[in-house]
Participant: 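Quick one: the structure is below, questions incoming.
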Amino acid sequence: MIDKISPSLGQAVADLHDGASIMISGFGDAGAPHELMEAVIAHGATDLTIISNNAGAGETGIAALIKANRVRKVICSFPRQATSHHFDARYRAGEIELELVPQGNLAARIQAAGSGLGAVFTPTGYGTLLAEGKETREIDGRNYVLEYPIHADFALIKARAGDRWGNLVYRKVARNFGPIMAMAAKTTIAQVTEIVELGALDPEIVVTPGIFVNRVVQVAPLSVAAAA
């Protein structure tokens, strides 16, 4: 009997290791698995490479990982915003490495990893500093840059609901990077609001099939009163 449900956040991330590369879903807070990131901090793994759309903001999530000095490198498209002071401070001090990837290229490279592609040619970045040292090619009169897939040891993603096989559905824009990250990592851990019985999810709306998910852990949403 296949049962990918983890009884706790701690057990879901128990095999993280120092030096691991971790994809983290989310666009801002939408789709960001904050509770799983708190579990990573509690776990203690360090020297991590974080692959995400941004480098964190405020005091939670990726920003909290950086504040706790667990991150060696960030690969993202949007490292700075008004409250990204933890990343800013570490970067200016030379304590964290940044690989800046345009957002479309980031998604394409992650998707390439999950699809088993060797590389992709993209027009974004051609003629800029981001293309320096990279192979370029003219195809049908347009110039492209060769970009390689981005793989990861782990993907931490957030979905609305899942079953014990790991089939996942998402809530609206929170779907963002989760589906492609689930395909691109060796181990995918999904935080879900609700775990449902097998067969309860309409196959027509399952976005991430269970074959791409290794663990599912339920994190109930805070009530308005509890969150206040």
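Predicted model, so just to flag it, every value in this text is computed and none were measured. Quick note: residue numbers are just sequence positions, from 1.
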Participant: List in chain and number order the residues that pass salt bridge (Lys or Arg N to Asp or Glu O under 4.0 Å) with Arg70, two or more places apart in sequence or in another chain; answer none if no residue qualifies.
Facilitator: none

Participant: How would you list all residue pairs meeting side chain to side chain donor-acceptor pair (under 3.5 Å) that involve residues 114-127, not counting sequence neighbours?
Facilitator: Asn105-Thr122

Participant: Tell me which one of Ile50, Thr49, Asp47 satisfies side-chain contact (heavy atoms from CB on, under 4.5 Å) with Val71.
Facilitator: Ile50

Participant: Per the side chain to side chain donor-acceptor pair (under 3.5 Å) rule, what does the pair list look like for residues 5-14, sequence neighbours excluded?
Facilitator: none

Participant: Side chain to side chain donor-acceptor pair (under 3.5 Å): which pairs involve residues 50-59, sequence neighbours left out?
Facilitator: Asn53-Ser77, Asn53-Gln103, Glu59-Lys67, Glu59-His85, Glu59-His86

Participant: Under 3.5 Å, which donor-acceptor pairs link side chains of residues 205-214 to any protein atom two or more places apart or in another chain?
Facilitator:
residue	atom	partner	partner atom	Å
Thr208	OG1	Tyr170	OH	2.7
Asn214	OD1	Thr188	N	2.7

Participant: According to salt bridge (Lys or Arg N to Asp or Glu O under 4.0 Å), who are the partners of Lys73, at least two apart in sequence or on a separate chain?
Facilitator: Glu97, Glu99

Participant: List for me each residue that meets side-chain hydrogen bond (donor to acceptor under 3.5 Å, both in side chains) alongside His43, sequence neighbours excluded, and say none if there are none.
Facilitator: none

Participant: Who passes side-chain hydrogen bond (donor to acceptor under 3.5 Å, both in side chains) against Asp18, sequence neighbours left out?
Facilitator: none

Participant: Show every salt bridge (Lys or Arg N to Asp or Glu O under 4.0 Å) that has at least one partner inside residues 188-199, sequence neighbours left out.
Facilitator: Arg160-Glu194

Participant: Which ILVMFWY residues can you reach from Leu117 by hopping between side chains whose heavy atoms are under 4.5 Å apart?
Facilitator: Val120

Participant: For Asp88, enumerate each residue passing the salt bridge (Lys or Arg N to Asp or Glu O under 4.0 Å) test, keeping only those at least two apart in sequence or located in another chain.
Facilitator: Arg80

Participant: Please name all residues satisfying salt bridge (Lys or Arg N to Asp or Glu O under 4.0 Å) with Arg171, sequence neighbours left out, ordered by chain then number.
Facilitator: none

